[in-house]
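Quick note on labels: first sequence line is chain A, next is B, and so on, each numbered from 1.
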There are 2 protein chains.
Amino acid sequence: MLKYEVVASDLRNRIESGQYKANEQLPTIAEMCKIYGVSEITVKKATEQLAGIGLISTRKGSGSYVKGDVGAFLRDPSAEMSGQMAGFKAEHEQLGAEVTSLVKTFEVIHPEPEVAERLSADAADFVYRIVRVRLADGMPLVVEYTYMPISIVPGLRLADVESSIYEHIEQGLGLRIDSAHRIVRAVMPTPQEREWLGLAPDTPLLEVEQVGFLDDGRPFEYSVARHSGDRYSFHAVAKH
Amino acid sequence: MLKYEVVASDLRNRIESGQYKANEQLPTIAEMCKIYGVSEITVKKATEQLAGIGLISTRKGSGSYVKGDVGAFLRDPSAEMSGQMAGFKAEHEQLGAEVTSLVKTFEVIHPEPEVAERLSADAADFVYRIVRVRLADGMPLVVEYTYMPISIVPGLRLADVESSIYEHIEQGLGLRIDSAHRIVRAVMPTPQEREWLGLAPDTPLLEVEQVGFLDDGRPFEYSVARHSGDRYSFHAVAKH
DNA sequence: AAGTGGTCTAGACCACTTC
DNA sequence: AAGTGGTCTAGACCACTTC
């Protein structure tokens, strides 16, 4: 583990265990340098990371403070952090759930104009089109519509689509996933989606439209995920 | 403007103007040091900021790259970035809209248990309860339910509530707003909300539940904002 | 006046990519 | 072997807060 990760994870443990309490001032950066035997910049990087996930706030000329009431926000198991991108399988397995997928469509097509634009692809290129219902412990949670250029993600098989496409991209192809741009909306399900997700009437969905990027900047995925509304929420930390 | 801001904003301009194109490699960090006459850490801070808003990705041992197709994501005017927190008024005035508010309720009450918990307050404390319909250019966009402890935000008047509570907190009280924890969900409107927002039947809302924090870590605001679904979306950048 | 976090420097070392 | 971004150091200076 890197030095700043050691500092950040130790501070995090002390905050979550209540050793540093809500609204309390943390040791100064100079003190933390002595405590952990590291330089100022290393401590700074650790506190920036904690501020980024919303655990502390820092105040110039004054000190660093533990935020009040972070518990409910961080502990919510039905929540995904907007800052993290792990893929459906990794995310739910981390919570101890067994993940399965019903593959409704797995085909290769020419992309519609909107999909082509998002993938920086041409209408003449081939892309996979995948429709999946994804379940955790047998409960249908989300319908995912995924498009990927076959030129970037070659050799995708039904077995990959049934388990985890991200695993095929990272382990199988040796590519590195960097980040994603997401747009979140509230929508109503189609009749088909209502049936697949087993929804009561008048249940809205949370739609997450996403463009995923590799670490060389290329978009490798365009997807629309429509999440069962009463079983899903989305967490974010906003800075002023 | 700070040095790293100068570098970041210059790089951003060159990317958005197309001088550095999608999927293209940026100058190396060492080259940028020479170009801008700054140290490595300063360039690094600038590239980290750009990676944070999803404009570039960096690849160890290889280089920094402009992300493909960032245009649509960054230009969408109906979108709020999850990473930013400006308040409704500042956000929409930036887009050139005239912001008004219909104050439906403005009272002082003892908080319900859930509100008290979020505000780290006691059931015996007094909090403002404010219900507002907020409009941009006369179009109702969102219903906001806001709770704030009177001990932290004293002297709030109807005039503040009608324009901007954040202005009163920052300019009037000299407090500094640091950040907010947000939870986003899809919900159906109540009949009252449907009327206030002028919604067609079967239109869902995007609910943003938020706890706002001052820079000393104290929660000063608990609010639930329910956004008209077809006129609102929420942008985020997720890191792998 | 003393203490605090934020920015910035020159330079070292490392792991990884590219050739 | 050469080039690249990522981490880390010791130290300087500054703006701001606190007393």
Worksheet item: Judged by atom type as modelled, is there a donor-acceptor pair below 3.5 Å linking the side chain of Y128(B) to the main-chain atoms of V153(B)?
Response: yes

Practice prompt. Classify every nucleotide of nucleotides 5-13 of chain C by which part a protein heavy atom approaches to under 4.0 Å, writing B for the base, S for the sugar-phosphate alone and - for neither, in 5'-to-3' order.
Written response: BSSBBB---

Discussion item. When you compare the side chains of S101(B) and R132(B), does any donor N or O come within less than 3.5 Å of an acceptor on the partner?
Written reply: no

Item to complete: Taking atom types as modelled, find out whether S179(A) and K67(B) have a side-chain donor-acceptor pair closer than 3.5 angstrom.
Response: yes

Quick one: side chain to side chain donor-acceptor pair (under 3.5 Å) partners of [X], sequence neighbours excluded?
X	answer
S57(B)	none
S164(B)	none
Q171(A)	none

Fill in: E31(A) CD - dG3(C) C1' separation (whole Å)
11 Å

Fill in: Rounded interatomic separation in angstrom, taking CG from L175(A) and C1' from dT17(C)
14 Å

Practice prompt. Would you indicate whether E98(A), at its atom CD, is surrounded by more than 12 heavy atoms from other residues, nucleotides or ligands within a distance under 6.0 Å?
Written response: no

Practice prompt. Taking Watson-Crick and G-U wobble pairs with both distances under 3.5 Å, convert DNA chain C into its dot-bracket string, 5' to 3', dots for unpaired and | for cross-strand pairs.
Written response: ||||||||||||||||||.

Worksheet item: Can you name the residues that form a side-chain contact (heavy atoms from CB on, under 4.5 Å) with H240(B), not counting sequence neighbours?
Response: M85(A), E170(A), I177(A)

